[in-house]
Amino acid sequence: PTDSLAIVSLGDLGESKFCDHNDDNPSELFAGTTQCHELAASYLNSFGVPYEVVGGNHDLEGIDEFDTDEANLELFLRAHNKPAPHFIRYIADKTILVGLTSTVFRDAKYTSHEVTIDQEQIDWFEHTLQTHPASEGWKVFVFTHAPPNGSGLRVLQENHVVNGCCWLNHSNEAQCSKFIELVREHRCIKAWFSGHFHLGQDYQDSITFPTVDPQEGPYPNRGSCVFAQTSVMRSGTSRDGRQQSRVIRGNAQGFEICTVDHAEGGSLRIDATITYTDCNHEVGVYSHDDIAKKGDQFFKVYAPCAGDEYHPPDENLVSYDANGELHIDTPIDYDSVAWWYMACGRVLGLLNGMMIEYDRSTLAPLGLVVGADELIGKRIAVVDSGIEENCVVDFETEGMEGADCTGSVGDEREQAIMLVNDQGGVVVIQPNEDGSYWRKIVRNKMIRQKEKRREDAGKAYAKRFLVEQQQQQAQSWMYSPPTAAAVNEEDVEVDVVSSWGPYISTQGTAKRTGVSGLTAPARR
């Protein structure tokens with residue numbers, strides 16, 4: 001019967017590029033448009049079983065058609081016959097499917113490609129979990145476009161991590177942590193499916209289990225929930241060549257997670273079998289090892305392991321010396337791997353020549369602190385920087401009188417992170433105002449488009465200015481030199497530099513943090 005079958009789309013229903021869909025506006029992106037969602041709805045309806053959809057980071061990208069996120073969201077809901085951004089579907093006895101939709105694009109505080117679940121949906125989700133408890137036998141399967149922090153799934157270090165759009169509500173520390181906290185609290189959550197990374201399902205870390213054999217490693221603290229990465233169907237949107245979907249098959253003992261391989265004629269493969277041991281626990285078993293393809297190593301990402309009462313931390317944890325200082329004296333290169341705790345509890349580490357901040361609870365990567373352009377070849381030191389017992393009040397520097405003596409009893413131990421070069425030059429890495437270190441240096445797409453238009457206006461002005469200058473010089477000659485040629489703007493090369501403070505590019509991907517000629521080698 002169809003009430004025990006359903007399709008769930010994890011969003012991003014159209015490409016973020018022009019797809020020959022609008023002759024009147026050849027620069028319009030297809031993603032998020034009325035055409036996009038009506039076409040997707042027609043396709044999803046064609047399976048002949050009920051379907052649900054959760055919105056991803058591209059589903060409100062109809063920026064030429066809609067002025068606001070609210071208007072774009074209204075179209076999304078109407079096209080897919082959704083009464084609300086979230087959904088709940090009863091699929092079997094005491095078993096429900098629950099989905100949450102990203103509702104922010106134009107109004108994103110940072111990158112528009114962060115998957116943001118609004119507070120109203122979060123409150124609804126928590127209430128749904130409270131009213132469907134594991135103690136009464138309820139089983140909840142959750143669907144979102146991006147995974148929550150703490151899922152343990154494979155991620156893209158060079159893309160989603162450095163740009164702060166890996167996890168649900170990534171840039172909001174409290175909301176970002178909320179989802180894994182709910183998973184740990186509510187054992188009714190049995191599985192959580194997500195996409196976003198455009199990575200395939202052939203790796204074992206495309207599925208993570210709530211428990212592991214103690215002989216294999218520390219307890220992962222993921223409640224009673226299995227997390228599963230879902231790939232893409234079309235080759236043009238895949239990052240690793242996989243074209244795959246998921247099939248979930250329930251049974252009396254638990255459920256199976258399978259792969260449909262669209263590149264292999266729709267062949268079906270069992271990836272993992274999950275068995276309920278009681279209302280609060282389940283055990284998962286992988287059905288196969290990693291299925292490797294050339295280039296897959298690129299996608300593997302190191303994550304620190306803090307250990308537990310039975311296991312020590314991994315060998316890359318750096319400890320403080322007897323003086324309370326931390327030193328990494330070997331110059332950093334792309335192969336350097338290390339991590340450490342700050343006194344405040346924040347966790348920083350090194351990977352691929354970059355300094356990364358990790359979540360203090362899950363040790364999931366949060367974002368870029370220092371780019372390879374600024375870090376490679378430097379050494380690292382972490383030293384105390386707090387108030388000394390006998391501080392000296394500064395009366396000389398205007399505006400800083402007594403600054404060295406600020407603070408109060410009970411303040412946490414202050415520290416300074418320093419990058420040190422061979423000449424003794426030091427760059428101090430300051431935290432953000434909220435105490436975090438990772439740099440939120442990608443603005444949303446609407447702001448970046450305005451910046452790009454200003455750059456284009458600057459280039460056009462510079463070209464016009466240079467052409468006028470050269471024309472005036474030519475007119476000042478008594479006669480035209482034999483080598484003189486007609487000057488036009490198309491032939492003029494100009495150099496336009498923008499000033500953003502910490503922002504160094506209009507691009508949607510930020511991998512550099514260095515200030516050219518100051519903390520990193522000079523470049524133009």
Side-chain angles (χ1 to χ4, degrees), residues 8-14 16 31-32 36-37 40 52-63 65-89 96-132 140-151 160 163-183 185-186 189 192-196 359 366-367 434 440 442-447:
V8 179
S9 168
L10 295 176
D12 277 6
L13 299 173
S16 181
C36 169
H37 286 301
E52 302 284 358
V53 60
V54 294
N57 50 292
H58 289 288
D59 288 316
L60 300 184
E61 201 172 0
I63 55 180
E65 183 178 355
F66 303 99
D67 292 331
T68 66
D69 287 340
E70 291 76 13
N72 213 158
L73 179 62
E74 190 278 329
L75 173 275
F76 170 80
L77 299 178
R78 175 163 39 85
H80 299 287
N81 196 27
K82 288 173 63 67
H86 51 270
F87 75 80
I88 182 170
R89 175 175 288 274
I96 59 175
L97 312 181
V98 170
L100 304 169
T101 281
S102 184
T103 56
V104 178
F105 187 85
R106 297 156 188 79
D107 297 332
K109 186 175 182 180
Y110 300 108
T111 174
S112 297
H113 298 300
E114 180 179 357
V115 179
T116 303
I117 310 301
D118 58 78
Q119 189 60 49
E120 183 176 351
Q121 288 189 86
I122 296 174
D123 294 341
W124 173 87
F125 181 46
E126 184 167 17
H127 177 73
T128 299
L129 299 176
Q130 292 169 345
T131 54
H132 297 79
V140 180
F141 290 73
V142 185
F143 301 84
T144 55
H145 181 69
N149 176 347
S151 61
H160 298 101
N163 292 320
C165 59
C166 243
W167 318 117
L168 294 174
N169 298 49
H170 192 130
S171 67
N172 185 313
E173 187 169 357
Q175 289 182 344
C176 186
S177 301
K178 179 68 174 179
F179 299 103
I180 194 65
E181 291 169 0
L182 291 174
V183 166
E185 179 182 356
H186 297 280
I189 303 177
W192 194 310
F193 293 84
S194 60
H196 193 43
D359 182 85
L366 290 177
D434 64 0
K440 303 172 179 68
V442 176
R443 283 88 61 237
N444 77 39
K445 192 167 188 174
M446 312 306 292
I447 293 174

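Each residue takes its place number in the sequence, starting with 1. Predicted, not measured: the structure shown is a model, and the values here were computed from it.
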Using 0.5 Å steps for rounding, measure from the [atom1] atom of [X] to the [atom2] atom of [Y].
X	Y	atom1	atom2	result
D107	T68	CG	OG1	8.0 Å
N72	T103	CG	OG1	11.5 Å
K440	K109	NZ	NZ	8.0 Å
H80	H37	NE2	NE2	5.0 Å
L10	E52	CG	CD	12.0 Å
N149	L366	CG	CG	6.0 Å

Could you tell me whether a side-chain N or O of [X] sits under 3.5 Å from a main-chain N or O of [Y], the two making a donor and an acceptor?
X	Y	result
D59	L13	yes
N172	Q175	yes
N444	S112	no
S102	G55	no
K178	I122	no
S194	A146	no
T131	T128	yes
D69	L60	no
Q121	T101	yes
H127	D123	no

Indicate the atoms forming the closest heavy-atom contact of [X] with [Y], along with that distance.
X	Y	value
F87	L97	CE1-O, 3.7 Å
V54	F143	CG1-O, 3.6 Å
C36	A31	SG-CA, 4.2 Å
I180	G150	CD1-O, 3.9 Å
V53	K82	O-NZ, 3.0 Å

Looking at side-chain heavy atoms only, is the closest gap between [X] and [Y] below 4.5 Å?
X	Y	answer
E114	W167	no
F179	I117	yes
F125	L182	yes
V142	I189	yes
E185	E181	no
T144	V115	no

Check your understanding: What's the verdict on side chain to side chain contact (heavy atoms under 4.5 Å, CB included) for R89 and I96, showing C-alpha distance, side-chain angles and the deciding distance?
Key -> CA-CA 5 Å; R89 175 175 288 274; I96 59 175; over 6 Å; no
Review point. Less than 4.0 Å between a side-chain N and a carboxylate O, is that true for K445 and E61?
Key: yes
Review point. What do the steps show when you test W124 against I88 for side chain to side chain contact (heavy atoms under 4.5 Å, CB included), and what is the final call?
Key: CA-CA 11 Å; W124 173 87; I88 182 170; 3.9 Å; yes
**Study point:** Heavy-atom neighbours of Q119 CD exceed 12 at 6.0 Å
**Key:** yes
**Study point:** Test side-chain hydrogen bond (donor to acceptor under 3.5 Å, both in side chains) applied to N57 - qualifying residues, sequence neighbours left out
**Key:** H113, H145, H196
Check your understanding: Is it true that the side chains of S151 and W192 contain a donor and an acceptor less than 3.5 Å apart?
Key -> no
